[in-house]
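In what follows, a single structure is set out as structure tokens and then discussed.
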Amino acid sequence: MFNDISSPLALLATRRSGKPRNMIAPGPDAAQLRQLLAVATRTPDHGKLFPWQLVVIDKERRDDFAALLVSAYRAEKPDAGRLEVAAWEEFAHSAPMLVAVLSTPVAGSKIPLWEQQLSAGAVCMNIEHAAHAMGFVACWLTSWPAYSEAVLAALGGVPGKDKVAGYIFIGTAGKPLEERPRPEYDDVVRHWTPGGVA
């Protein structure tokens, strides 16, 4: 069952990603988005550095974002075919709501870089959980737009320092969600002993 809200634990146990291209309106309205993103920032953050930024790409800016992706992609791959380019236009226009999460580590901090980057990943997961708690479906993607320095810079990040942790697409499920394979508990959970793990 998708979005079982009978208890907080049931909601977490039934969360599942949806495909952005299958998401339909409505997405979060302005008040819901503000609440959702405020909840997302309540994340583990060693040192209280807030080493992340959330960039909302509003619906009325999607054409501009698509143009940015196409321009940056063609600059990197001038021989790109029509279908490759069309994929990034679709990426930019998928789902009613799109949020880019930037990992923006604080230089010179005693907090290790890895811990700051993990905090940005936790923000992404919190967005997904908050979206599901509000009755929406979400999907966290990276792909080429998360690794383009030109796109990063256009989102306000600093190439060579910051990274795009991911793009979170949010909307309403337009098709039934399919469960994906999950690991067997005993394949991924081990208990430590002085002689090793078992």
Side-chain angles (χ1 to χ4, degrees), residues 1-62 65 91-106 111 114-143 145-146 151-152 155-157 162-183 188:
M1 177 181 178
F2 170 63
N3 274 16
D4 179 349
I5 59 172
S6 60
S7 73
L9 193 57
L11 181 68
L12 294 174
T14 57
R15 188 213 67 81
R16 114 135 246 79
S17 297
K19 294 179 180 176
R21 67 176 175 267
N22 293 337
M23 293 180 194
I24 59 175
D29 62 25
Q32 289 172 316
L33 180 65
R34 185 178 182 88
Q35 180 183 26
L36 190 158
L37 297 183
V39 166
T41 64
R42 297 181 61 86
T43 194
D45 173 16
H46 188 187
K48 297 177 279 296
L49 299 174
F50 318 126
W52 19 259
Q53 292 288 313
L54 285 63
V55 181
V56 178
I57 304 167
D58 291 306
K59 201 69 175 173
E60 61 269 23
R61 295 290 179 231
R62 296 296 189 87
F65 187 58
F91 184 98
H93 288 101
S94 294
M97 182 62 63
L98 176 57
V99 179
V101 178
L102 306 188
S103 170
T104 57
V106 177
I111 308 304
W114 175 233
E115 293 187 26
Q116 297 188 52
Q117 292 171 328
L118 286 172
S119 184
V123 169
C124 293
M125 195 69 244
N126 269 3
I127 293 175
E128 288 218 328
H129 283 312
H132 283 275
M134 297 174 86
F136 298 109
V137 62
C139 184
W140 172 6
L141 293 180
T142 51
S143 198
V151 175
L152 171 66
L155 292 171
D162 302 333
K163 294 184 181 297
V164 176
Y167 296 91
I168 316 296
F169 297 82
I170 308 168
T172 296
K175 292 184 178 180
L177 300 180
E178 298 176 4
E179 185 55 78
R180 62 180 289 177
R182 304 292 177 181
V188 295

Under 4.5 Å between any side-chain heavy atoms of [X] and [Y], yes or no?
X: Asp45; Y: Trp52; result: yes
X: Leu12; Y: His132; result: no
X: Asp162; Y: Pro105; result: yes
X: Val151; Y: Val164; result: no

Practice problem: Among residues two or more places apart or on two chains, list those pairs meeting salt bridge (Lys or Arg N to Asp or Glu O under 4.0 Å) that have a residue in residues 52-62. | Solution: Arg61-Asp64
Self-check item: Pairs flagged by salt bridge (Lys or Arg N to Asp or Glu O under 4.0 Å) wherever residues 114-138 is involved - sequence neighbours left out
Solution: Arg15-Glu128
Self-check item: Test side chain to side chain contact (heavy atoms under 4.5 Å, CB included) applied to Gln53 - qualifying residues, sequence neighbours left out
Solution: Leu102, Thr104
So which heavy atom on [X] is nearest to which on [Y], and how close?
X: Gly121; Y: Trp140; result: O-CH2, 3.5 Å
X: Pro51; Y: Ala120; result: O-CB, 4.4 Å
X: Phe136; Y: Gly171; result: CB-O, 3.2 Å
X: Val55; Y: Leu155; result: CG2-O, 3.6 Å
X: Ala122; Y: Pro44; result: CB-CD, 4.2 Å
X: Ala131; Y: Ile170; result: CB-CG2, 4.0 Å

Quiz item: Hey, is CZ on Arg180 packed in by over 12 heavy atoms from elsewhere, all under 6.0 Å?
Solution: no
Practice problem: Answer with yes or no after comparing the ring centroid distance for Phe169 and Phe91 against a 6.0 Å cut-off, counting only values under it. | Solution: yes
Quiz item: Who pairs with Phe65 by ring pair (Phe, Tyr, Trp, His ring centres under 6.0 Å), at least two apart in sequence or on another chain?
Solution: none
Quiz item: Can you list every side-chain hydrogen bond (donor to acceptor under 3.5 Å, both in side chains) pair that touches residues 34-43, not counting sequence neighbours?
Solution: none
Name the atoms and distances for all side-chain donor-acceptor pairs under 3.5 Å in residues 20-31, with sequence neighbours left out.
from: Asp29; atom 1: OD1; to: Ala31; atom 2: N; distance (Å): 3.1
from: Asp29; atom 1: OD1; to: Gln32; atom 2: N; distance (Å): 2.7

